[in-house]
Structure formats: structure tokens, C-alpha cells
Amino acid sequence: MTVSISAEHLQVRYGTFTAVDDVSLTVEPGQFVSLLGPSGSGKTSVLRAIAGYVIPDQGRILVGSQDVTRLSPRFRNFGMVFQHYALFPNMRVRDNVAFGLRTRSISRAQVRPLVDDALELVGLADYARRYPEQLSGGQQQRVALARAVVIRPTLLLMDEPLGALDLRMRQQLQTEIRRLQRELGISTVYVTHDQEEAFSMSDEVIVMSTARISASGSPGDLIYHPASQFAANFVGNNTVLVAERAALDSTAVVHGLPGQTSPFRPALPLASDTERLLVVLRAEQLRCHRDPTPGGAAGVVTGKRFAGLEQLVGIRIEDQTVTAIDRGMGLEEGENVFVTWDPEGVHLIEETADGAPVPRESRQRAVRQDLAGAAATAAGGESG
Amino acid sequence: MNRVSTRARWGLGSLPLLLFYVAFFLLPQLYFLRLSLYRTDTVGQQLGAPGFQTIAKVLSSDFYRDAIVSTIALCVLTMLFTLVLAYPIAYSCVRSRTWGRFIFICVVASMFSSAVARVLGWRVLLAIDGPVNRLLQLIGLVNQPVQLTGNFYGVLIGTVHAMLPIAAIGLMPVCEAVSREQLEAATGLGSSSWRTFRTVFLPQTWTGLVSIGLLVFAVTAGAFTTPALLGGGRVAILAILIYTAASQSLDYSVAAALSLVLFALVGGAVLLGLVVGRSRSGPKVGST
């Protein structure tokens, strides 16, 4: 499968409701692309349009150079995995997997080894004679996966395939799906609302909100270099500080967190239409101190929670709430803390007057600037 | 509150209902069917010793045998035509977002119309110079107007129409049970609509189809109004003959014997249906 599949300027409407608006994406051969977004963001509609179950009101679907926008799903040779498995309950596992081969008028003698291989691949070789209802949810979804890949699809489409499974099963299948996808080299589009799932599995993540693509890129880019305010807020536990153009031009000193001065300047000259500079601080870039620290912003711990294995703490600093990592300090709710951060290398987003991100060839980042008399403040970032 | 005591209490609670059923339904029925073992006089008094002579008389008479055959034919044909027509109605009602509700309202509305009004409507439509005959001539299917009422075909049209809404409503949950995702999955795997219907949809709806078919069969076997009015007294089926025997010739034992035959007919159909309905169901539920 050495063709790329792309969607160009898709628009899908249901009556007066626009579910998908001007969405374009490309899946390179063998690439794993996730569509990530909350329910109602249009991600499933994009998938269904690519699969052919919905005909888009505008836009095209291309397989290589062939336009398949109006081709029935029957002839697209795509594999689809549904959230609720959609196995045929009247057929044994073996016949479910064989279904897509039988429709291709492949002889029985050839079907059998292909089915056996596919079941082997998903670890269900011993379950061939069972009926779907005799399997657990995870096993059923594996059968669905085998059924979809056995036809060697040009594109594998998955619509929240793990949505109905419990956490452990989900993690196990994430690894398995990814391994299978790599092994077979099948281009894949994967719909999910689970950020961790999308980031851990994908080569590229496309974040959707209200019918449009609001951010896209590799998981690394999205986490470390988000391109828009939406992406910065969507991903992780980022704190976004806003600096107006006027303030930047006059001093190159940015007032950081409330009550704090952290001097830095952008590494690259600002674009002419930049109106605002967004400073994106990830939770691990913030440091907490129990004792008053030079340049530290004073705040109160308002809450604690675990994300993965990290203990996160929410801290209210005047009217802003930030998220930091506890780092074994054992902070308790209601405790007073001082928060510092090192501006060096912090990711910056430039925005125009109407809030659109300014496109950039290379990444904009902050450079620490030691101003006379402000050295003490900058030293607040003791980690360097 | 263990399970057994709860169940026992339920059994006790349904006892009055059971007594009511036995007293007012089962006993009169048995009392009436018992008459088939006797000969009766015109006021229903049984004559002579019990025996099978009345039943034998009914079964050996050509007239009654023909009636039994046409009753079976009517029930089977009504069942087949009704299912063939109701299946797509139920399917589109469940699946079509735009038309589903409209179709449903039409189906229910036709069910609530009175049998007499329905039949009189058909008599107008099927009349010798009625619209159906004119249409048949227009499209060249027949040269001469054909007799469509007062015979078996008229009755068949009437019973199919009467059964259609019942069957359609009965088949809706059956059709709904097959998820749209399954049908989409089949298409995506390269299956034609016909193959999807044959290998995915039909096997899953088969059991429901059979039970709705049985329902249609049984109700048609007992239908009286429609055959009486559309048959114009010329279509001899068991329900009408029972009525005639009991209320006109006042031969209660013959009426009872015919009832017994009808009862056996429906019972046999139900048994056959149970066997057929089982044969196609896929997974053996409960086994592991």
C-alpha cells in the first residue's frame, strides 16, 4: 500500500447543522493519524466521509490520484473498526473474519489460511469456532480488527474502537493495535476523544473542535510547540500567559505570573502583524517553593490530582490558576507557595489582532534577558 | 427475601387470574368442543352416546375438506404476502430518519380503522368497474374486467391488508435489533446489498419473522368479518362455516367439530413454526 490518502476541504452538513467544515488531511503510506476531539467536534463525520458512509457536501477524498468521493464503501477496500464491534452475531468468529474475503470471490481453500493468519495475529486462533457473544469485549474488538485487516485494506479506519472497554483492556489493545499496524504497514485513521490514547499511538494527531481542525502535528510538536492558543490549552496542563504588543515593544520585559517580573525577549523578531505574544508554560517548567523566593509569584494551593504518575497541584495566584508538578514536596491544600519559572527556551505563540496564530517557519521561543537590576528576578529560575 | 419465596408469592398472586381464565375462558371452550363428540338437536342438547361420528362426518365430507384446504391456503398465502410487504415497511420505518415517523403513523392509522370500513373500501376499489380493474386494463394485464370480490382473491386482499399493520409493528423491533453498524460493516467489507440481506440481516431476523408469521396465520384462521364481507358468502372457510353451523343450521356438534379442526390447524402451525424458527438461529445462547 504505497499510496497516500487525502481529504480535501471536506464539508459535511446534516440539515442546517455543519458537522465538518473545511477539513483537509493527508495520510502518508503506513502512517497512523489520530482525529482527536470532544464528542460533537465532527471527528466521526470526517471518518465516515473518508469511509464512504457519508457523502460530503463539499470536498474530495483521494486515494493516490483517484477521486473516490462518491464511490460506495463497498468498492473502496477500506477496513473499518466500529466502537461497538459490529460483528455479525449469527456467524462464528471464523466466518466473521472470512466475510470480507468471501465477498471478493476468493476460493475457500485460499480463505482458510488467510483467516487463520489474521486470527493468529490478534491472538485468537483458539476462538475461531466461537460466536461473538461468547467473547469478552476486548476479544470481540480483536475479531473486528482481524476482520478489517484480513482484506489487506488500503486504509484502516477506526471509530473509537476502545471506547467501550475498561482501562486495562484499553491499554493492552492500544499497544496491540499499534504493533499490528506497524507490522502490516497499513495507513490508519483513528478517531478518539482520549488524548493519552492519541498521543501514545499516533504519528500525527489532528485536534478537532467545532467542526474544524484546530491543531495538528506530531505528538511531540503538540506537547512542546503548540501552534495556537487552542492547542496550548487543549494539550496537557499548560498555563498560557498573554503579553500585549505595546508592552513588548517598549521594554522587552514581560510581566510573568501575577506579581512577578520575568524578563525575556523573543528569539526571533516579531512578525509585523503580531499583536499578542502567548507564553506557554508546561506544568514541569514551573517550580514551587515553600519559602519566599526572589521573583516568585505568591499563591495558594487549591487542589491536587494525579495525572499518570505525576502528582499535580493547582495553585491560585491572584486571579490566575496554574498547574505545577509537586516533585515530592508534599504540598497540601491551602498552603502558601511561591512559583518561579525559567524563561529560557519557553515556547511562544504570536497572535494577530483577531486571535489567529501567526504562521512561522521556525519556532518562536523565549531568550532570558538579564536586565540591569533585574538579575535577581531572573535568578528565580534556579533550575537553569 | 430469597428468590424462591418471591417466586412463590408471584405464583400465589397470579392465582385469581388463573382461576378467572379457567372459569370464563377454558371451561366454556372445553364445554363447547365437547359437543363435537355428540350429535346435538337444535337447542344444543346432546343426543346419544359420545363418539367420533360427527368429526368423521366433517372430515369425510368433500365440502368441509375443501373448506379446510381453502382455510389453510388463505392463512398461508396471507402470511406470505403480509410478511413480504411488512418486512420492508418495518425496515424503512426503523431505518429512515426522514420517512420513518410518517410511515409509522400511516401504519398505526390503518390499524385503528374499523374492519367494516376497510372492507367496504376494498369493495369499492375492487368492484367490476372499480379503479383496480381499470388500472389492470390500462396497463394491459387483463383485457376484460375481472371478478375481484366475492371470491378467494378478494378475501385474500382483505386479510393481507388487515394483517399488514400488525405484522409491520411486530417486525419493527425485530429489524431494529440488527444494528446499522453491522450493515455498514458488511458493505465496507465489499458485500452487495443482497448478500448483506441474505447473510447478515435475514438470519438475525428469521426467528422474529417466523413468530410474526405465526401470529398472522393464527389471526387469519380465526378472521370472520373480512372473509364474510369480501367473500360475499361464496368463500367457504372454517370460521364462516362454524358461524353458519352454530347460528343458522343450529348444528352445534358440527360447529364444535369444525372448531376442533381449526384449533388443530393453528396448533399444528405453531408447532411447525417453533421447529422452523429454531433451525436458523445462529449461536446457541448460554453455551460457553
Side-chain angles (χ1 to χ4, degrees), chain A residues 14-15 44 47-48 50-54 71-93 95-106 127 129-136 143-144 147-151 153-157 159-161 164, chain B residues 87 90-92 94-102 171 173-213 274-288:
Chain A
Y14 302 117
T44 294
L47 192 81
R48 292 177 63 79
I50 297 174
Y53 298 118
V54 169
L71 189 69
S72 160
R74 187 182 160 193
F75 304 110
R76 289 197 190 193
N77 193 41
F78 291 172
M80 179 100 175
V81 176
F82 297 84
Q83 179 173 6
H84 299 293
Y85 326 133
L87 296 176
F88 309 126
N90 55 309
M91 298 179 203
R92 293 175 194 276
V93 165
D95 297 316
N96 264 283
V97 178
F99 190 88
L101 297 171
R102 300 236 167 95
T103 61
R104 283 162 173 76
S105 53
I106 296 171
Y127 295 80
R129 295 186 54 75
R130 300 247 186 132
Y131 282 98
E133 64 174 21
Q134 297 166 337
L135 303 179
S136 71
V143 175
R147 183 177 70 175
V149 300
V150 78
I151 61 172
T154 323
L155 181 67
L156 179 61
L157 300 160
D159 187 7
E160 306 231 11
Chain B
Y87 207 17
Y91 180 79
S92 45
V94 169
R95 286 288 175 256
S96 165
R97 230 170 263 183
T98 37
W99 290 100
R101 192 171 295 255
F102 177 72
L171 285 174
V174 175
C175 290
E176 209 161 22
V178 183
S179 71
R180 198 182 57 172
E181 281 190 348
Q182 276 185 45
L183 307 180
E184 288 180 349
T187 310
L189 289 165
S191 174
S192 64
S193 310
W194 169 242
R195 180 190 273 270
T196 305
F197 174 76
R198 193 167 47 81
T199 59
V200 177
F201 198 78
L202 187 60
Q204 288 184 62
T205 50
W206 178 251
T207 311
L209 210 57
V210 168
S211 45
I212 298 297
L274 285 178
V275 174
V276 175
R278 283 273 169 82
S279 69
R280 288 285 291 267
S281 61
K284 310 290 172 280
V285 182
S287 63
T288 43

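The sequence lines fix the lettering, A, B, ..., with proteins before strands; numbering per chain opens at 1. The analysis underlying the following values was restricted to heavy atoms, covering all of them including side chains, and did not include hydrogens, waters or symmetry mates.
Distance CZ/A:Phe88 to OG1/B:Thr199: 7.0 Å, rounded to 0.5 Å. Rounding to the nearest 0.5 angstrom, the gap separating the CZ atom in A:Phe99 from the OG1 atom in B:Thr196 is 5.0 Å. One distance of note links CZ of A:Arg102 with CZ of B:Arg195; it measures 8.5 Å at 0.5 Å rounding. Separating the CG atom in B:Leu189 from the CE atom in A:Met80 is a distance of 11.0 Å, to the nearest 0.5 Å.
Closest heavy-atom contact between A:Thr103 and B:Gly190: CB-O, 3.4 Å. Scanning both residues, A:Phe82 and B:Ala185, for their nearest heavy atoms gives CE1-CB, 3.5 Å.
Inter-residue side-chain proximity for B:Gln182 and A:Pro89 is flagged as met; some heavy-atom pair is nearer than 4.5 Å. Residues B:Glu181 and A:His84 meet the side-chain proximity criterion, which asks for heavy atoms closer than 4.5 Å.
Within a 6.0 Å radius of CZ in A:Arg104, more than 12 heavy atoms belonging to other residues, nucleotides or ligands are found. Within 6.0 Å of the CZ atom in B:Phe102, the count of heavy atoms belonging to other residues, nucleotides or ligands does not exceed 12.
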Check your understanding: Passes side-chain contact (heavy atoms from CB on, under 4.5 Å), A:Asn90 versus B:Trp206? Steps please.
Key -> CA-CA 11 Å; A:Asn90 55 309; B:Trp206 178 251; over 6 Å; no
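Looking at A:Leu101, neither its backbone nor its side chain comes within 4.5 Å of chain B, counting heavy atoms on both sides. Looking at A:Arg48, only its side chain comes within 4.5 Å of chain B, counting heavy atoms on both sides.
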